[in-house]
Amino acid sequence: MSELLSDLNSAQRAAVTAADGPVLVIAGAGSGKTRVLTTRIAYLLEQGLSPSQILAFTFTNKAARQMQARVADSVGDERAPFWIGTFHATGARILRTHADALGLPRDYAVYDADDQKRLLKRVLADLQLDPRQFTIAGARQAISAWKNADTDADQALTAAVGYIDAVHAKIYRAYQEALRSCRAFDFDDLILETVHLLEQHAPVREQYASRFHHVLVDEFQDTNPLQLLLVRLLSSVHGNVFVVGDDDQAIYGWRGARVENMLEFETLFRGTQIFRLEQNYRSLGNILDVANAVIARNLRRKGKSLWTTAERGDPVQVEEHLDAEDEAARLVEIVQAEQARGRPRGDIAVLYRTNAQSRLLEEALRRAQVPHQVVGNVQFYERREVRDLLAYLKLIANPADEVSLQRVVNRPRRKIGETTVVRLLACAREHALPVGDLGARPDLLAEALGQAAARRVTAFLDQLAVWRRAAASQMPVPDLLAAVLHDIDYETFLQADEPETAAFRQENVAELVNDVHAFAEASSGGDLGQYLEQTALVSDQDAMTNGEGAVRLLTMHTAKGLEFPVVVVTGCEDNLLPHASCSDTAAGVEEERRLFYVAITRARQRLYLLYACRRRRFGAYEDSLPSRFLQDVPDRLCERRAGRDAWPQPVARSLFGAADLESTGAGGARGRRPERSPGSRPAADKAPAPRSRLPRAAAAPRTPAATRAAGDQWAEDVVQTPAYYPGQHVVHASFGAGQVVRVEGSGATLTVTVDFAEHGRKHLLPRFAPLHPVD
DNA sequence: GATCGATGATTTTTT
DNA sequence: ATCATCGATC
């Protein structure tokens with residue numbers, strides 16, 4: 001035990017060893033928050049608690065896995081299997097366990113954002129609302145807000161103020177009915193229904209609340225009222241609630257999170273002990289002071305100031321670029337310069353406010369042959385063919401899943417069109433039967449459909465029934481998927497459907513097959529329901545592997561909880577950061593400032609803050625101004641510079657001096673760059689060597705591709721796909737270590753054949769499969 | 001029922 | 001600029 005605590009500072013140790021009862025740990029960025037949490041769990045275990053008496057909530061599945069692994073490291077594997085997961089995963093687990101007893105459907109589906117959208121689309125169409133006035137996104141937002149406030153549709157209708165609200169409430173009701181008749185829960189339901197379960201069924205509540213002697217919550221500042229309620233219910237017997245958070249990093253207000261959960265914690269839980277962690281172990285001094293200076297501008301905060309004993313480090317680099325394309329080009333330079341200094345690519349993270357920004361950055365990196373990984377965004381599970389196949393599996397698991405049925409009923413083509421589907425669904429609804437089971441009722445089908453349509457539908461439903469029987473008799477998920485693929489002859493369909501992309505799609509299918517196999521191996525006999533649940537609940541961050549070797553591109557939100565030696569924040573511009581849609585309220589701007597603070601505090605050693613003077617929006621250039629937050633970056637901590645040739649000034653504000661307003665210029669040329677203010681460094685002279693002052697090593701950076709190409713291992717498209725080569729040692733997240741056998745295709749269709757030590761030969765798409773070179 | 005071209009929205013962040 | 005959806009056509 002003493003070794004457990006020996007590496008902690010006194011504040012951390014006090015928190016870890018706190019006596020029973022409610023505990024609030026206010027943990028600044030980089031102050032060892034995760035460590036305190038894991039050590040606390042290990043400490044409790046060493047105090048004699050059984051793992052089954054501990055429940056912990058994390059923000060992502062990845063964090064859950066890491067935390068479990070770290071605890072296992074310090075106390076041994078056999079003591080480690082405590083309950084840990086996201087609120088959603090934990091809710092799903094509890095619901096699944098008690099479904100039968102409560103009359104809930106046992107094989108309920110979990111609807112993700114896409115399923116939810118499709119269902120809402122149908123609901124909106126059924127209600128015949130003006131699609132201009134009532135959008136899917138608007139309705140979804142309203143419904144989610146109600147659910148997070150534990151308000152049902154009837155309550156929402158009663159409390160509705162005004163027409164829009166009232167219609168949204170009606171949509172809510174219709175949506176909820178549709179969801180239930182599909183035997184599906186959406187993300188919010190996973191928590192809401194769990195709360196209802198515990199509230200309404202005292203025995204179940206007692207069971208969990210007495211079982212869990214300690215409940216711990218990470219990222220507490222981003223919990224919503226429902227999640228808080230769940231925590232209270234689960235800890236209602238023992239009252240040992242240990243929460244860790246940072247009010248300065250609350251960035252999920254827009255989806256119902258309430259910092260107040262944290263700020264009011266001590267009034268909610270009597271006798272709360274509070275600990276503050278303010279020593280930062282992550283960032284060098286300049287970076288930390290910039291972060292402190294920025295966040296100090298927020299008025300609504302508990303207030304803390306992080307300190308460090310680390311050296312100052314380099315000044316933070318603040319750079320102006322002409323446009324987003326230039327910014328992207330500069331990013332490539334930065335990456336190459338960092339590499340030239342011996343920095344692994346995996347040390348570098350690129351952050352942005354919106355996903356849309358990633359495309360340009362990604363393109364620039366691809367052109368420059370810099371291996372990179374976009375974390376989140378277009379997920380593997382969101383590929384169309386992958387979603388199609390998952391929809392088949394979902395429909396097999398749950399015949400009432402109308403959204404999935406709609407998705408696959410005519411894919412491959414079975415000549416079952418829109419009209420037929422509408423009639424089919426109406427029929428199912430009318431007789432309160434799962435649509436997938438209608439095959440057993442030829443009488444109803446004959447009644448609802450024409451003869452030809454009924455025949456085709458019957459053929460499809462019969463096929464479905466065969467798969468269902470196979471699944472019911474415990475056919476392993478990989479076999480089931482193989483059966484589906486064979487029976488629908490998906491390969492032929494892909495070929496016929498779109499020959500140009502068939503090969504690419506085929507590989508996605510192969511990757512899904514791999515994924516299913518990996519699941520089967522990892523879970524040893526996990527059933528279909530578990531697999532589907534897992535695919536529904538993956539988060540953006542989960543897709544980020546620990547492997548080295550790729551520059552990471554991710555949103556600032558996704559970056560929460562992570563750290564990188566080098567961070568490049570792009571698009572530090574007003575209307576982007578703070579985002580235009582958040583700029584009209586003080587609270588909105590404060591949340592955006594916290595987001596900027598989160599971005600800054602991800603950096604350990606070097607930090608770049610980039611902005612562009614103009615940027616395309618919907619295709620056309622629009623002028624942009626430096627983020628107002630950049631004004632809060634103290635001059636003494638940073639170097640401000642312009643990266644490229646002289647360019648027309650944006651209209652008003654610039655970091656380079658106040659003279660801008662006068663330099664509006666005439667005609668086409670909008671004036672030239674003004675003189676630098678005394679405090680800031682000049683960047684480019686007007687001389688034609690503007691980049692020479694940029695922080696880049698003098699020697700031309702050598703890319704790995706350039707080096708390896710000499711080996712002549714490469715096919716002709718070596719230029720496009722430099723990252724993998726035969727003989728190379730790689731690591732895959734599920735399959736472990738292996739060696740590359742063959743590299744085919746390029747760009748998006750790049751396929752790598754790998755012999756894995758423990759899993760044999762697999763074909764992989766590095767674009768989706770997390771495959772990392774072992775340097 | 002499928003296909004093609006025109007049209008309009010899209011870019012806030014996510015479990 | 002790109003994507004999804006819609007309508008007209010086969």
Side-chain angles (χ1 to χ4, degrees), chain A residues 57-64 85-92 110-114 116-118 121 125 131-132 135-137 140-141 144 147-148 185-192 219 222-224 226-227 250-257 324-325 351-360 363 375-379 382 384 409-421 452-453 456 496-498 533-534 536-543 554-560 571 575-583 588 591-592 594-596 598-599 615-622:
Chain A
F57 290 107
T58 56
F59 202 72
T60 65
N61 297 299
K62 184 177 176 236
T86 63
F87 280 97
H88 295 90
T90 303
V110 176
Y111 274 7
D112 64 17
D114 184 75
Q116 206 183 4
K117 257 173 57 185
R118 283 164 182 265
K121 191 179 159 191
R132 268 189 244 246
T135 62
I136 293 173
R140 207 201 56 79
Q141 169 92 39
S144 180
K147 287 191 176 180
N148 282 320
F185 290 139
D186 63 20
F187 280 137
D188 295 326
D189 283 339
L190 292 177
I191 297 165
L192 184 61
E219 307 283 8
D222 282 322
T223 54
N224 67 33
L226 215 47
Q227 292 165 332
I251 56 176
Y252 282 95
W254 52 272
R255 69 169 201 204
E325 287 80 3
L351 307 189
Y352 36 81
R353 177 63 175 77
T354 68
N355 283 306
Q357 289 167 253
S358 72
R359 179 174 303 175
L360 221 56
E363 262 170 31
V375 182
N377 207 6
V378 186
Q379 287 274 319
E382 285 165 24
R384 175 147 36 114
V409 71
N410 208 25
R411 203 153 231 289
R413 309 246 147 80
R414 298 187 178 91
K415 304 206 167 185
I416 300 172
E418 182 92 14
T419 336
T420 305
V421 173
R456 294 192 284 257
D497 186 51
E498 215 182 307
E533 190 170 291
Q534 175 195 286
L537 297 178
V538 289
S539 74
D540 280 352
Q541 240 187 55
D542 298 333
L554 59 172
T555 66
M556 299 178 189
H557 283 90
T558 302
K560 185 170 89 148
N575 291 332
L576 208 48
L577 185 72
H579 195 274
S581 55
C582 310
S583 302
E591 178 154 314
E592 295 285 301
R594 291 194 292 269
L595 189 56
F596 187 44
V598 167
R615 184 177 291 274
R616 287 182 198 275
R617 248 175 83 81
F618 305 137
Y621 274 119
E622 279 178 27

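Order of the sequence lines fixes the chain letters, A, B, ..., with proteins taken first and strands second; residue numbering starts at 1 for each chain.
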May I have the distance from [X] (atom [atom1]) to [N] (atom [atom2]), rounded to whole angstrom?
X	N	atom1	atom2	answer
A:Phe618	B:dT12	CZ	C1'	11 Å
A:Ile136	B:dA9	CD1	P	14 Å
A:Glu533	B:dT15	CD	C1'	13 Å
A:Glu418	B:dT3	CD	P	16 Å
A:Asn148	B:dT15	CG	C1'	10 Å
A:Gln116	B:dT14	CD	P	15 Å
A:Arg359	C:dC3	CZ	C1'	9 Å
A:Lys121	C:dA4	NZ	C1'	9 Å

Using atom P of each nucleotide, how far apart are B:dT13 and C:dA4 to the nearest Å?
16 Å

Between [N] and [X], is there an OP1 or OP2 to side-chain N/O distance shorter than 4.0 Å?
X	N	result
A:Thr60	B:dT15	no
A:Thr135	B:dT10	no
A:Asn410	B:dA2	yes
A:Arg413	B:dA2	yes
A:Thr555	B:dT14	yes
A:Asn355	B:dT13	yes

Under 4.0 angstrom, heavy atoms only, what part of the nucleic acid is [X] near: base, sugar-phosphate, or nothing?
X	answer
A:Thr420	sugar-phosphate
A:Asn61	nothing
A:Leu595	nothing

Stacking check A:Tyr252 vs B:dT14 (5.5 Å / 30 deg)
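Here the ring of A:Tyr252 and the base of B:dT14 are not stacked, as the 5.5 Å and 30° limits are not both satisfied.
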
Start with the C-alpha distance between A:Ser581 and A:His579, add both sets of side-chain angles, then the distance that settles side chain to side chain donor-acceptor pair (under 3.5 Å), and finish with yes or no.
CA-CA 5 Å; A:Ser581 55; A:His579 195 274; 2.8 Å; yes

When you measure only distances, ignoring hydrogens and angles, does the side chain of A:Thr86 come within 3.5 Å of the base of B:dT15 through a donor and an acceptor?
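Such a pair does not exist between side chain and base.
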
Taking A:Ile416's backbone N and O only, do any of them form a donor-acceptor pair with A:Asn410's side chain (distance below 3.5 Å, no angle check)?
yes

Would you mind telling me which of [options] lies closest to the side-chain atoms of [X]?
X	options	result
A:Glu592	B:dG1, B:dT15, B:dT12	B:dT12
A:Arg255	B:dT11, B:dT12, B:dT15	B:dT15
A:Trp254	B:dT11, B:dG1, B:dT14	B:dT14
A:Ala356	B:dT11, B:dT15, B:dT13	B:dT11

Residue pair A:Leu537 / A:Leu190: nearest heavy atoms and the distance that separates them:
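Closest approach of A:Leu537 to A:Leu190: CD2-CD1, 3.8 Å.
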
Using the side-chain contact (heavy atoms from CB on, under 4.5 Å) definition, which of the options A:Asn224, A:Leu226, A:Asn148 pairs with A:Asp188?
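Testing A:Asp188 for a side-chain contact (heavy atoms from CB on, under 4.5 Å) against A:Asn224, A:Leu226, A:Asn148 leaves exactly one candidate, A:Asn148.
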
By nearest heavy atom, map A:Leu537 and A:His579 onto DNA chain B; which one lands nearer the 5' end?
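Final value for this comparison: A:His579.
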
Side-chain heavy-atom pair A:Thr86, A:Phe57 within 4.5 angstrom cut-off
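No, side chains not in contact.
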
Hey, are the side chains of A:Met556 and A:Leu577 touching, using non-hydrogen atoms and a 4.5 Å cut-off?
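SC-SC contact between A:Met556 and A:Leu577 confirmed.
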
